[in-house]
Every structure is written in C-alpha cells, then in structure tokens.
Amino acid sequence: MTDMIARVVEGVAALRREEWDACAGTANPFVSWDFLAALEESGSVGPGTGWQSLPLLIDGADGRIAAAAPVYAKAHSQGEYVFDHGWADAWQRAGGDYYPKLQIASPFSPVPGPRLLLRDEALAPALIAGIETLVERNGLSSAHATFIEPEQVPLFEAAGWLIREDSQFHWTNRDYRDFADFLGTLSSARRKNIRKERERAVQGLEIVHLTGDRVREAHWDIFWDFYQDTGARKWGRPYLTRAFFSLLGERMADRVLLVLALRDGAPIAGALNLIGADTLYGRYWGCTQDVPHLHFELCYYQAIDAAIARGLRRVEAGAQGGHKLARGYAPTPTFSAHFIPNASFRRAVADFLAAERRDVQRDREWLSERTPFRKADG
C-alpha cells in the first residue's frame, strides 16, 4: 500500500454529512454526523468545555472521505466513563503534562460502537497510524479510544495499543413475543418482584412513548429540567446544553424515543433513548417527583417493551448499575484501547491493566452466575 496522508480538520460540522456518514454507517447513531455535529453546534463540545473536536480523515482516490476517526483533544478526563485519573496523577507527579490528550470517542456516550469509521476497511492501520503520529508530533502523553465495538479491538491490538476491559449490563432479545414472554424466562421470585415493581411504579400515572414529529420543543423544555436535575447530582454540572436537545429533535427525531410518565397529564419523569439499527440505547433520565421504582420502569422495563415491539436485538442502558442484573440485564464486556508512547509509563499501565482485567473478568463471571434467568435458560 502506498503511504496514506491523514489530515485533521476542526470539527465534524465542517464536513459534508453524506461523506462522514458513508464511513460511519447507519447502525450506531452516536457516530453519525447529525449527533457529533449537534454536540459542536450546540456548544456541548468546543471552547470552554475541554473537548476540542479534531476529526482525523483519510481521503480516497475519488477525493471523498474514505476513513475517519472522531478525535478530540481533551483538557481533562470528564465525560468519558473510562477512568484514567490515576494515570494522569502518576504522569503529572513524574513531572509530565498528561493533558491535553487525545480521545477517540463519542462524547459523553458510554456506548460501544465503531471508532474507526471506514468506507475502505483496508485503511484501518493507516488511520490508527495517523492518530499515533498526531500524538507524537505534538508531544502528547497518550491517545484513548473508548467503548470500541468488539469487532474493532483486534485492529488496535495489531497496532500494539493496550486493551482495557470493563463491563456493562445489556438486555438481549431472545425473540420474545412480549414482556410476559420475557418474564417467563426468569425465576419465579424475580417474576413476582418485577410485576410488583411495575405495578407500584405506574400507579396513578400514564406512560407515553414519543418519537418523530410527536416530540416537540415543549417536550425538550421538560426533559431539559429532568436532565439538569440528574446531571447536577451526578456530575456537578450537565455536559449537554439545552440547544443540543433541540438539534437532536430537529435532525434525529426518528431515532429518538422519549418515554414520559404523566400525572394528571403533566410529565413528572422521563427517559431518553436513541434507536439504532438493532439496539435501543438508553441515555438520560430525570424526574421532578420521587416515585418508588419509576426509574426502573422508564429506563429498563419500558425499554424492553419498546425493543420487543420494534424487533430490536438489544437494550444498552448505559454505564455501571449492578441493579440492572436483577432486571434481566446481563454483564457484557466493553473495551477501550490506549496508545502511550513513553516506554516506562506504558509498562506501568500495562501491568495495571493486566491485574485489572483479571478482577473485571472474575467479577463478570460471578455476576453471570447470578442472573435472574431460570437455570435451564442460562
């Protein structure tokens, strides 16, 4: 293969939507032009946020983008959900500047997906090499590709990147006819508990699913209040701006599923999902009234209902949350890849990851033995 030239541009929004999406595909909404450009145009990433969008591109012989990576220069380690604060502390104690670093990710989205966006799959090694060159020429500490879909992990391994492993809880649709069919695969005790949770959660409430042109600006105003409340409690300040939700509704309405709980016609809680080709992605939730089990109902059970109705294969309900296990969400491996040019620092991180991987795998095995499914169903 002849040497390929990679170029960096300032922002996905500056690129042609059709060229970016020809590389990104349509399966995962979090790497689409619409989603990433909305983050930039809304000010959710960009000046003052610690996220500088610097997508790396390789052009094909036809002059169109043939390979791309959603690269960000990061001034901190917030909004990533793969935690490297300890690495930053160690590097800086040794007298180095850990930041800025490069992040190859969909910002604020702990969602597995492609990080090498390839119209020409043969360009994967060249794209990775371009990221490495960007790190080395600018004297950066490291590059981190987070929440890589499993199929792309070998590409980073082949390039010598360190692989980190963690777990999330995902629900799998085993061709269930409806929620009752799914419940039938659980132990008797779990079936009873879930039925009780659902009954108590929705007592006196109406649950509505909104998508497409049924999602109006008034709904985003309401959901923004929910999001701010949850974000302030979890992260100190919300990552996304109000304008982002308007752009999401304007450009991706058909890929939005907004689940609201109404009391006397007024929304008191909501959960935002994005719809992929075969997966429902749960992202944000919030409420103005504290109702027992309503979080489980809107985020987990309603998501299962929606996935079954739409014939989707999975529900991915976000990072962390061992409480998902009892509700039919099973531990699933997630992966990230890390490029560290400094040899001694790389060795230290590699040793840490080897020990961490053993703990993560042991924990996942322990959890897998405690799923709520009847033993005959696995």
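Residue indices begin at 1 and follow the sequence shown. Remember, it's a predicted structure, so these values are computed and weren't measured experimentally.
Of all heavy-atom pairs spanning Thr49 and His76, the tightest one is O-NE2, 2.8 Å. Nearest heavy-atom pair, Leu210 versus Leu260, reported as atom, atom and distance to 0.1 Å: CD1-CD1, 3.8 Å.
No more than 12 heavy atoms of other residues, nucleotides or ligands lie within 6.0 Å of CG in Asp264, so this atom counts as exposed by the packing criterion.
For His295 and Tyr300, the distance between ring centers is under 6.0 angstrom. His323 and Phe296 have their aromatic ring centers within a separation under 6.0 angstrom. In summary, the aromatic rings of Phe244 and Phe35 are positioned with their centroids under 6.0 Å apart. Taking the six-membered ring for Trp and the full ring otherwise, Phe345 and Trp91 have centroids separated by under 6.0 Å. Separation of the Tyr227 and Trp285 ring centroids does not fall under the 6.0 Å cut-off.
A salt bridge links Asp84 with Lys101; the closest basic N to acidic carboxylate O contact falls under 4.0 Å. Ionic pairing of Glu197 and Arg327 is present here: one or more N-O contacts between side-chain nitrogen and carboxylate oxygen are shorter than 4.0 angstrom. Using a 4.0 Å cut-off between a side-chain N of Lys or Arg and a carboxylate O of Asp or Glu, Glu19 and Arg17 do not qualify as a salt bridge.
For Asp120, there are no salt bridge (charged side-chain N to carboxylate O under 4.0 Å, His left out) partners at least two apart in sequence or on another chain. Scored by the salt bridge (charged side-chain N to carboxylate O under 4.0 Å, His left out) test, Glu149 finds no partners at all (sequence neighbours excluded). Residues meeting the salt bridge (charged side-chain N to carboxylate O under 4.0 Å, His left out) test with Lys74, sequence neighbours left out: Glu80.
Figure legend: cation-pi geometry between Arg195 and Phe179 absent, as NZ or CZ is not positioned both under 6.0 Å from the six-membered ring centre and within 45° of its axis.
Side-chain contact check for Glu165 and Gln361: at least one donor-acceptor pair (N or O, by modelled atom type) lies under 3.5 Å.
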